[in-house]
Structure formats: structure tokens, C-alpha cells
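By convention in this document, chain letters (A, B, ...) are assigned in the order of the sequence lines, proteins followed by strands, and residues within each chain are numbered from 1.
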Amino acid sequence: MADLEARRVIELGYAGNERLVMNMGPQHPSAHGVFRAILTLEGETVAAVDAVIGYLHRCHEKLGETLTYVQYPSIASKTDYVAAMTSELAYVLAAERIGRVEVPPRARYLRVTAAELQRVASHCLWLGTWCMDMGGALGGGATLFLYAIREREMLLDLFEALTGARLLYGFHQVGGTRYDLPAGWAEQCRSTLAFVEKRIDEYEAMLEDNPFFLARTQGVGVISPELAQEIGVSGPLIRGSGIAYDIRRAEPYSSYEDFEFRVPVETAGDCWARYRVRMVEFRESIKIVRQALDGLPAGPISSRPGVKSVGQVRIPKGEAYARVEGPRGEVGCYLIADGGPKPYRMKWRGASFSNLAVLPHIIPGHKVADVVAIMGSVDPVFGEVDR
Amino acid sequence: MDAVDPRVRVRERFALEPAGEPPRLTVEPPRERWIELARFAQRDLGCRYFSFLTAVDWKEHGLEVLYRVENLLAPLALTVRVKLGPGETHCPSLTSVYRGADWMERECYDLFGVVFDGHPDLRRILLAQDWEGHPLRKDYPVDMPHAPYR
């Protein structure tokens with residue numbers, strides 16, 4: 001009797017008409033943070049996804065209402081901690097737009113330099129962790145991760161020399177930047193970029209001739225252009241889906257109109273397309289940094305005198321939405337000022353939040369192993385998703 | 001895309017005067033035309049890109065809900081806002097028009113307590129399901145959950 005029961009259970013399972021609910025995360029290594037996906041499986045195939053987020057929620061928007069315009073930029077870097085420069089920049093741009101604060105040309109170029117170096121550093125981390133997620137298929141798990149992190153460390157050395165910090169910088173402030181380039185920094189930056197540029201060719205050689213890598217990325221996790229727009233995904237995801245939308249081009253901020261660069265677009269919308277877009281962005285960012293260093297204007301780095309107390313910067317009444325093209329897409333800050341030293345309301349439009357919201361639409365129909373590849377290609381940072 | 005000024009089209013269809021200059025416009029429709037305007041923005045103005053949705057607590061004047069959609073080709077960025085009125089928390093859901101409104105409205109419900117009528121799955125998204133209160137309301141104390149300290 002017991003034998004018969006056991007056999008029936010096994011038979012049911014193999015018939016493929018049984019659904020299994022599986023919990024992936026919140027401490028899954030491929031989650032790149034704390035993310036829980038409740039997968040409903042039919043055999044190995046995912047039928048539905050319920051995404052659970054919020055494990056890293058700190059209510060940044062409330063924090064923004066309680067901290068002054070001087071204090072908050074260094075906290076803003078903690079939303080997207082992998083690309084701290086961009087979220088700081090979005091916040092100060094919003095404040096500057098309301099207050100019509102001038103930013104000197106040197107500061108604008110320094111901001112571009114920092115933002116583009118940040119993009120290279122962030123993409124290094126994305127590439128390394130994504131390839132480690134797909135691990136064994138690439139012939140040796142952590143190989144690419146270690147290479148990419150080696151390059152990222154060199155870029156973080158540059159940030160350390162510039163700001164004193166390796167991860168969360170506090171570089172931007174209302175009216176300009178807080179630090180100027182130290183002596184010898186530009187030369188160090190150029191030699192690092194030359195090193196990184198050569199390594200990008202090596203990554204491509206390692207990955208693009210690898211049939212396993214192609215099999216795991218091509219045709220996997222396709223986002224259609226219609227879906228991409230309706231959900232509001234941005235950055236490499238929307239450009240991988242055939243829409244040439246880059247805020248640096250669409251609405252140039254901080255002198256991006258001075259620089260020559262290409263906006264890569266792929267039409268397939270799969271993991272491979274997103275990979276290709278980011279690989280081109282690596283090189284374009286390096287090109288922009290070189291142009292910024294070549295054309296760096298002389299002059300002051302801030303239009304405001306140094307602050308002596310935290311309540312010193314006041315922004316007149318008004319509201320503005322400022323957005324920047326972060327490594328993950330449109331990072332926006334919607335600010336309402338009431339004339340005091342603190343904003344009345346601050347809204348973060350996190351690129352990762354909207355990018356992650358596309359997962360329940362694209363994962364169903366894929367195998368469990370593909371969930372990992374798709375997650376990695378979306379490149380979410382949970383500090384920004386949960387804010 | 002035709003070349004008719006989007007301001008004119010909004011004026012003709014809704015008898016509303018959009019604020020701001022193209023490409024950035026702001027419209028304030030009445031609440032009962034909230035969904036109609038979203039559909040109009042998506043189909044007729046080509047604003048297919050859903051940027052974000054959020055709310056603002058204006059204390060005694062009540063909550064205001066706003067969202068921003070964009071036409072990436074034109075370019076046109078439309079901010080649509082509606083004042084719910086004092087004590088009012090209900091707002092029609094945009095999920096039938098923009099799928100991206102799903103998570104944004106859940107976040108707005110979670111942090112502001114705006115109830116989106118017609119949302120298929122209105123649960124908290126960032127905070128725990130048994131959390132009490134809505135932190136981004138201005139009357140929510142910052143560091144003590146139950147008693148205001150200021």
C-alpha cells in the first residue's frame with residue numbers, strides 16, 4: 001500500500017501537471033543583495049513569479065525631508081551604493097534647478113569625469129558578478145569576477161585619491177563639487193583607463209567565443225520595446241530593446257552636450273543585447289573621461305562659498321525633477337522646496353526599481369537556471385530598489 | 001507623430017490649460033478624468049514611457065497624486081497631478097493603462113496610504129505587511145512609531 005502511494009506521487013510529479021512553489025532568496029547568492037522571488041514551477045519551468053522586495057528599505061524619502069541640502073548628498077550616495085556618484089548628482093541637480101544655482105564649468109567637467117568613471121566601475125562589478133552567477137558554464141566560476149574586480153579596485157583607487165572614500169563619496173554639493181583633482185591624478189587616471197581598455201578586449205574574447213555563454217544569454221529574457229516603455233525600464237535595458245533613449249543625449253545635463261560619444265542600441269532585447277550595450281558603454285565612458293580631462297577648464301569648482309553650518313544652503317520655493325543617466329538607467333530626483341534649509345518632499349525614482357519590475361513579465365516560461373542569468377542581466381542594486 | 005502642439009490637443013479634448021513649456025508640461029485633470037487622460041496621453045500623445053508615480057502630503061490640504069509619462073520620440077514629458085482633497089485617500093488605478101503603474105502604486109499605497117481603486121494586487125511592497133501607518137505622511141513621527149517627540 002505504502003509502495004503504491006509513493007509511486008503515485010512520483011508519477012504525478014513527472015506528469016508535469018503538478019505545481020511547486022519555491023522560494024528563491026532572500027539570501028540567494030545570485031540575488032546581488034536581498035531579493036526574494038517566490039517561483040511557481042511546473043517541473044523546471046517557471047510559471048509565475050512574485051517578487052518580494054523591501055528588505056533594505058530605509059525610507060530615504062523621509063530622511064530627505066529631515067536632512068538639509070548640505071547633509072543629504074552624502075546620504076544620497078547610499079541609495080545606489082554601487083554607483084554613488086550618480087545619485088548624489090541627481091539630488092544636487094534638482095536643488096540647483098529650483099534655486100537656479102550656477103555651476104562653474106570646471107565643476108561640470110569634474111562631475112562628468114566622476115560619473116563616467118563610476119559607470120565603468122559599476123559595469124565591472126556587473127560583469128564580474130553576472131559571469132560568476134552563470135559560473136560553471138563559463139569554464140571556471142570566479143575567473144571573470146576576479147579580473148573585473150581587479151580593474152574595479154584600480155578605479156576605486158582613483159576615487160579614493162579624489163574624495164578620500166572608496167564607495168560612498170559625498171563628492172557633489174549644491175553649486176559644484178567638494179574636491180578638485182589632486183596633483184598627478186589625471187596621469188594616474190589616464191594610465192588606469194589604458195589598462196582597463198585593454199582588459200575589456202580580453203573579457204570579450206573570453207565570453208564571446210564561448211558557446212555556453214551564447215547559449216545562456218541569446219534569446220533569454222526578451223523584453224519587447226512596448227513592455228520596456230510601459231514598465232519604464234531604462235538604461236542598458238531599454239537600449240537593448242531597440243530604443244535609443246539616453247538622458248545624456250535626450251536632455252543633456254552638466255555639459256554632456258560638449259562631449260562626443262555613441263549611444264549603443266541593440267534590437268534583440270535579450271540578455272545578450274544588454275551585455276553588448278554595456279560592453280560598448282565601457283568604451284564610450286572611457287572616451288568621455290579622456291575628453292573631459294583634455295578639455296578641463298580652469299577656474300573655481302563651486303559657485304558657493306564653503307559652508308560653515310549645515311543649515312546655510314537655502315533653496316527658494318519651487319519644485320523640479322532632475323534626472324541623470326546612471327549605469328542602470330534613469331535616476332531621478334523629484335524635489336519640492338518650501339524655502340527652508342530642508343526639502344518639503346523628495347522622491348527618488350530609482351532605475352533599479354523600475355528595471356526589476358519587469359521581471360514578473362519576462363521570467364515566466366524560462367527554466368530556473370535562466371532566472372539567474374536574467375536577474376544578472378538586469379543588474380539591480382537593492383539599495384536603490386528599496387531606498 | 002503629428003506636429004500639433006500637445007497643449008492644443010489637451011485643451012481641445014479636456015478643456016484644461018497645461019502649465020509649463022514643451023517639452024515639459026503639467027496637467028491637472030479632475031479625478032474622474034484621471035484614467036481617460038492617461039489613456040489619451042498614451043495613445044494620442046504617444047507618451048508610452050512610464051517614468052514614475054508618487055504622492056505629496058500637503059498637510060491640511062490633503063494628498064496629491066502625480067505621475068510622469070514621456071514620449072521618447074517627440075520629445076514630450078507630461079506630469080499629471082490630481083489633488084485628492086482633505087481626508088480623501090481614494091484614487092483610480094492606472095494599472096489598466098500602464099503596467100508600470102503596478103509597483104509604483106503599491107509603493108504609494110505603502111508609504112502614503114493612497115488606495116488605488118481597481119489595482120489588482122494592492123499590497124504593501126517595501127514595508128512589512130503588518131506595518132502600522134504610512135511613513136511619508138507628514139503626521140507620521142520620524143523616529144518613534146507611536147508618540148510624536150517634537
Side-chain angles (χ1 to χ4, degrees), chain A residues 50-67 225-234 238 243-247 249-251 319-321 323 329-336 338 344-351 353-361 385-387, chain B residues 20 23-24 26 42 46-59 64 66-77 79 81 94-95 97-108 110-112 121 123-129 131 134-138 140-143 150:
Chain A
D50 186 13
V52 182
I53 60 172
Y55 293 96
L56 223 53
H57 181 59
R58 294 144 291 172
C59 214
H60 258 273
E61 297 177 12
K62 192 81 171 177
L63 262 178
E65 292 171 12
T66 58
L67 295 174
E226 296 77 35
L227 179 70
Q229 292 192 63
E230 229 183 277
I231 299 287
V233 309
S234 49
I238 199 166
I243 297 170
Y245 174 56
D246 187 319
I247 296 157
R249 234 339 117 61
E251 195 187 338
E319 56 177 81
Y321 176 65
R323 54 199 183 139
E330 177 180 345
V331 180
C333 184
Y334 178 68
L335 214 58
I336 299 179
D338 59 357
Y344 181 78
R345 164 94 177 100
M346 184 194 72
K347 155 82 184 162
W348 273 117
R349 191 255 185 228
F353 183 84
S354 295
N355 289 356
L356 202 73
V358 83
L359 285 186
H361 299 276
V385 174
D386 299 339
R387 302 182 300 271
Chain B
R24 278 182 235 153
T26 304
Q42 188 188 42
C47 294
R48 295 196 178 81
Y49 179 80
F50 191 83
S51 183
F52 69 87
L53 178 143
T54 189
V56 184
D57 184 357
W58 293 107
K59 293 180 185 167
E64 179 178 29
L66 61 99
Y67 66 87
R68 180 185 156 102
V69 289
E70 259 180 80
N71 183 344
L72 301 182
L73 305 170
L76 169 70
T79 307
R81 40 204 317 165
L94 295 178
T95 42
V97 186
Y98 291 99
R99 281 176 281 182
D102 180 0
W103 281 28
M104 293 283 181
E105 286 180 354
R106 279 177 67 188
E107 184 189 326
C108 192
D110 193 356
L111 303 179
F112 281 98
D121 183 26
R123 293 176 283 153
R124 286 184 183 272
I125 187 166
L126 294 175
L127 298 171
Q129 299 299 328
W131 192 273
H134 302 283
L136 286 184
R137 293 269 186 94
K138 288 287 179 187
Y140 189 91
V142 177
D143 54 0
R150 264 189 249 257

Closest-packed option against chain A by number of heavy-atom pairs under 4.5 Å, given B:Ser51, B:Pro23, B:Gly100 = B:Ser51

note = Ranked by heavy-atom pairs below 4.5 Å to chain A, first place among B:Thr79, B:Leu136, B:Asp121 goes to B:Leu136

What residue, out of [options], has the most heavy-atom pairs lying under 4.5 Å from chain B?
{"options": "A:Ala357, A:Ala250, A:Ala228", "value": "A:Ala357"}
{"options": "A:Val52, A:Val233, A:Leu56, A:Leu63", "value": "A:Val233"}
{"options": "A:Glu330, A:Glu251, A:Arg387, A:Lys62", "value": "A:Lys62"}
{"options": "A:His57, A:Gln229, A:Glu226", "value": "A:Gln229"}

pair [X]-[Y]: side-chain heavy atoms closer than 4.5 Å:
{"X": "B:Phe50", "Y": "A:Ser354", "answer": "no"}
{"X": "B:Trp131", "Y": "B:Asp110", "answer": "no"}
{"X": "B:Leu94", "Y": "B:Gln42", "answer": "no"}
{"X": "B:Arg48", "Y": "B:Leu72", "answer": "no"}
{"X": "B:Trp103", "Y": "A:Ile231", "answer": "no"}

Heavy-atom cut-off 4.5 Å, strictly under: side chain, backbone, both or neither for [X] against chain A?
{"X": "B:Pro135", "value": "both"}
{"X": "B:Val97", "value": "backbone"}
{"X": "B:Ala128", "value": "neither"}
{"X": "B:Arg124", "value": "neither"}
{"X": "B:Asp102", "value": "neither"}

Check ion pair B:Lys138-A:Glu65 (N to O, under 4.0 angstrom) = yes

remark   = The ring-ring contact (aromatic ring centres under 6.0 Å, His included) partners of B:Trp58 (sequence neighbours excluded) come to A:Tyr344

remark   = Applying ring-ring contact (aromatic ring centres under 6.0 Å, His included) to A:Tyr321 and not counting sequence neighbours gives B:Phe52

Part of [X] within contact of chain B (heavy atom distance under 4.5 Å):
{"X": "A:Asp50", "answer": "side chain"}
{"X": "A:Val358", "answer": "neither"}
{"X": "A:Phe353", "answer": "both"}

message = Closer than 3.5 angstrom, by distance alone: can the side chain of A:Arg349 be matched with the main-chain N or O of A:Lys347 as a donor-acceptor pair?
response = no

